[in-house]
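Working notes, structure below.
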2 protein chains.
Amino acid sequence: MPTSSRFAVAVHLLSALAHLGGEGATSAALAASVNTNPVVVRRLLGLLSRAGFVAGRGGRSGGYELAREPSKIRLDAVLAAVEPDGVLAMHENATNRVCLVSCGIKPVLGHVFAKAEDALRSSLRRTTLAEVLRRVENAG
Amino acid sequence: MPTSSRFAVAVHLLSALAHLGGEGATSAALAASVNTNPVVVRRLLGLLSRAGFVAGRGGRSGGYELAREPSKIRLDAVLAAVEPDGVLAMHENATNRVCLVSCGIKPVLGHVFAKAEDALRSSLRRTTLAEVLRRVENAG
DNA sequence: GCATTGCGTCACCATCCTAGTTGCACAATC
DNA sequence: GATTGTGCAACTAGGATGGTGACGCAATGC
């Protein structure tokens with residue numbers, strides 16, 4: 001199902017920024033780390049900037065840096081920033097009025113989906129960017 | 001992110017089959033309930049058939065029926081049947097060997113993702129098809 | 001036996017989303 | 001003022017999904 005790797009790349013980029021400390025990193029340098037394009041990086045960091053996780057400065061000697069302590073960045077918030085629509089989708093087909101199931105399934109499914117996504121978020125919430133960085137640096 | 005509504009449609013179809021009891025329903029009738037195409041229904045029920053949830057009989061007076069009690073069908077198993085790849089994707093870009101984060105991020109992310117998906121599955125596991133059907137029929 | 005019904009599967013098409021790429025305006029530094 | 005770098009828009013390519021038609025095959029009912 002997963003069509004997008006935005007979340008994984010976002011965590012990767014944030015980890016790279018945290019690893020560099022306060023040093024500003026350009027989108028080109030970050031793109032090299034993820035092996036992708038600078039524009040892709042800027043698009044993603046644009047979302048993270050609007051969410052208050054990073055700050056990008058233009059101009060000479062510009063670049064990106066974290067706008068918050070790594071220990072204050074929880075992964076559930078990162079997912080929400082880059083994937084606002086959630087991970088479980090409802091079907092948007094018109095309801096067939098002659099079918100009881102067709103008429104009543106959507107609220108039920110909506111409830112089940114909401115609880116499942118809450119569980120997913122709760123799990124991600126327990127991990128901070130600082131924790132990710134610590135594990136990466138220890139492994140290396 | 002959600003690119004597919006297969007899971008929602010699958011639960012809808014299973015609910016419709018459970019609602020009908022043992023009565024065989026054709027793919028055309030089910031398609032009318034979900035407002036989609038019979039082939040789409042057969043494709044999805046083909047997955048659910050391989051997973052042992054439904055049985056399809058060909059020939060005149062054929063159709064589909066549940067192969068298991070609704071109380072024995074847990075939604076996490078349904079999700080696994082129709083979305084085997086999970087909901088959180090890793091990025092598959094080549095690792096940049098000069099970057100510590102690039103080299104070490106994947107196992108860490110893999111672990112975080114696995115735990116998050118486990119939480120999602122655990123939540124879905126607590127709901128059976130019988131429970132969904134009960135709520136749908138009570139609401140109507 | 002034979003027509004009918006319905007699944008199983010394939011091929012094809014339209015659509016959407018994502019990622020990749022180029023280009024240009026704007027901002028900040030040197 | 002030149003250089004550097006972000007922000008943003010437009011365009012392209014690719015893959016995934018859903019929709020549709022067509023065909024073979026099995027099972028039923030006459």
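Note on naming: letters A, B, ... go to the chains in the order of the sequence lines (proteins, then strands), and numbering restarts at 1 for each one.
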Scoring nucleotides 20-30 of chain D by protein non-hydrogen atoms under 4.0 Å (B base, S sugar-phosphate only, - none) yields BBB---BBBS-
Rounded to whole Å, the CD-P distance (A:E92 to D:dG19) equals 12 Å
Residues at least two apart in sequence or cross-chain that pass side chain to side chain donor-acceptor pair (under 3.5 Å) with B:E117, listed by chain then number, are none
Salt bridge (charged side-chain N to carboxylate O under 4.0 Å, His left out) pairs touching residues 51-69 of chain A, sequence neighbours excluded, are A:R57-A:E65
Sidechain-backbone polar pair: A:R135 side chain, B:V108 backbone, donor-acceptor under 3.5 Å
no
Atom CG of A:L30 and atom C1' of D:dT6 are separated, to the nearest Å, by 12 Å
When rounded to whole Å, the CG to P distance for the pair B:L47 and D:dT17 reads 11 Å
To the nearest angstrom, the CG-P distance between A:D85 and C:dC16 comes to 15 Å
Residue set satisfying side-chain contact (heavy atoms from CB on, under 4.5 Å) with B:L17, at least two apart, ordered chain then number -> B:A25, B:L30, B:V54, B:Y64, B:L66
Checking all strands, does A:G46 fall into the base, sugar-phosphate, or nothing category for heavy-atom contacts under 4.0 angstrom?
nothing
Rounded to whole Å, CD of B:E65 lies from P of C:dC7 at a distance of 12 Å
Between CG of A:L44 and P of C:dA19 the distance, given in whole Å, is 8 Å
Axis-to-axis angle for the helix from C:dG1-D:dC30 to C:dC30-D:dG1, ends of five pairs each, to 10°, equals 10°
A:H91 meets the ring-ring contact (aromatic ring centres under 6.0 Å, His included) criterion, sequence neighbours left out, with B:H12
With a 4.0 Å cutoff (strictly under), does any side-chain N or O of B:S27 reach OP1 or OP2 of C:dC7?
yes
Check whether any side-chain N or O of B:S5 sits under 4.0 Å from OP1 or OP2 of D:dG18, and answer yes or no.
yes
Between the OG atom in A:S27 and the CG atom in A:L13, the distance rounded to the nearest 0.5 Å is 10.0 Å
Residues passing the side-chain contact (heavy atoms from CB on, under 4.5 Å) test with B:T26, sequence neighbours excluded, are B:A28, B:A29
Residues passing the side chain to side chain donor-acceptor pair (under 3.5 Å) test with B:S15, sequence neighbours excluded, are none
Sorted by chain and residue number, the side chain to side chain donor-acceptor pair (under 3.5 Å) partners of A:N37 (sequence neighbours excluded) come out as none
What residues 9-17 of chain B contributes to the DNA chain C interface at heavy-atom separation below 4.0 Å is none
Contacts of A:R74 meeting side chain to side chain donor-acceptor pair (under 3.5 Å) (sequence neighbours excluded), chain-then-number -> none
Ranking D:dC8, C:dC7, D:dG5 by distance to the side chain of A:R50, first place goes to D:dC8
Contacts satisfying salt bridge (charged side-chain N to carboxylate O under 4.0 Å, His left out) that involve residues 89-112 of chain A (not counting sequence neighbours) are none
